[in-house]
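Chain letters run A, B, ... following the sequence lines, proteins first, then strands; residues in each count from 1.
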Protein chains: 2
Amino acid sequence: MPSIKAINHVAVVVDDMEKSLTFWRDALGLDLHELRDVPAEKSQVAFLPLAGAEVELVMPTSDDSGIAKYLAKRGPGMHHICLEVDDIVGMLAQLRSKNIRLINEEPRTTADGKQYIFIHPESTGGVLVELYQV
Amino acid sequence: MPSIKAINHVAVVVDDMEKSLTFWRDALGLDLHELRDVPAEKSQVAFLPLAGAEVELVMPTSDDSGIAKYLAKRGPGMHHICLEVDDIVGMLAQLRSKNIRLINEEPRTTADGKQYIFIHPESTGGVLVELYQV
């Protein structure tokens, strides 16, 4: 049986990275491990690791991406939660058997080689859920 | 220096607990550790622990609570992220010195004795952030 192991990260969409970092890094004191431009996602991402899981701040760098449209529609705030799964192919089959609506039907691969899928908020109670194969 | 250690939980507000559990418990396979009525918060809460952090589903049981108003206004979805802090009094002083807006100015105590505060989304980039003293 495929199983979910842990929360990998919580992603927050922001409209002003420097201003957001004054809270997460400067006021809360989280370690800013990396601030990276991710051209493939037209975003800039700040990685703030904690024990076990990470907070990620995502700022659109173009106004025609999915994340930019989300920000325009809903404003800044929590965007998705990413869970770690040990068998993403098995989990996909399990989700399909329960009629769960997926955003991508087959796993995609991140730049650093991780397989992932997104589950549609319609099936989760309003939460965009990402699964990472670990 | 007070410091943030980990994500304790991510809370999701739901309008139909049984339907939500068909996703989180039945389709994803998370362990439903406890389903508890919390009269003080006029809510029913499902606790679904993972390694290190927990997913919590919160359903209002009355329409005059803060969480019920949130649900009516924004619909179901992610509600807040809770971070663990080793020194909540020190962290409060640090947040005040940075002019961070708090929802409760002094720590409150949960039924099981944990001290907590909430930070206003206005200061965090749109995210309701809870801090737990651990």
List the steps and the verdict of salt bridge (charged side-chain N to carboxylate O under 4.0 Å, His left out) for A:R96 and A:E106.
CA-CA 11 Å; A:R96 283 199 194 99; A:E106 296 301 328; 3.5 Å; yes
Best-contacting candidate, B:G29, B:S123, B:S3, against chain A by heavy atom pairs under 4.5 angstrom
B:S123
Report the option among B:T22, B:V12, B:I81, B:D31 that has the most heavy-atom pairs separated by less than 4.5 Å from atoms of chain A.
B:I81
Can you tell which part of [X] gets under 4.5 Å to a heavy atom of chain B, answering side chain, backbone, both or neither?
{"X": "A:V13", "value": "backbone"}
{"X": "A:T124", "value": "both"}
{"X": "A:M78", "value": "both"}
{"X": "A:L30", "value": "side chain"}
{"X": "A:I7", "value": "both"}

Option that, when pairs with chain B are counted at under 4.5 Å, heavy atom only, ranks first among A:L131, A:L95, A:V14
A:L95
Which bit of [X] is near chain A, if near means a heavy-atom gap under 4.5 Å: side chain, backbone, both or neither?
{"X": "B:E54", "result": "backbone"}
{"X": "B:I119", "result": "side chain"}
{"X": "B:I100", "result": "side chain"}

A:T61 side-chain N/O to A:S43 backbone N/O, donor-acceptor pair under 3.5 Å
yes
Looking at B:E84 and B:Q133, would you say the former's side chain and the latter's main chain have a donor-acceptor pair under 3.5 Å?
no
Can you tell me which residue among B:I103, B:V89, B:N104 is in a side chain to side chain contact (heavy atoms under 4.5 Å, CB included) with B:I117?
B:N104
Exactly one of B:I67, B:V58, B:L71, B:V10 clears side chain to side chain contact (heavy atoms under 4.5 Å, CB included) with B:H79, and that residue is B:I67
Aromatic contact, A:H9 with A:F47 (centres under 6.0 Å)
no
Looking at every heavy atom in both B:Q94 and A:A27, which two are closest together, and how far apart are they?
NE2-O, 2.6 Å
Is B:K98 salt-bridged to A:D26, cutoff N-O under 4.0 Å?
no
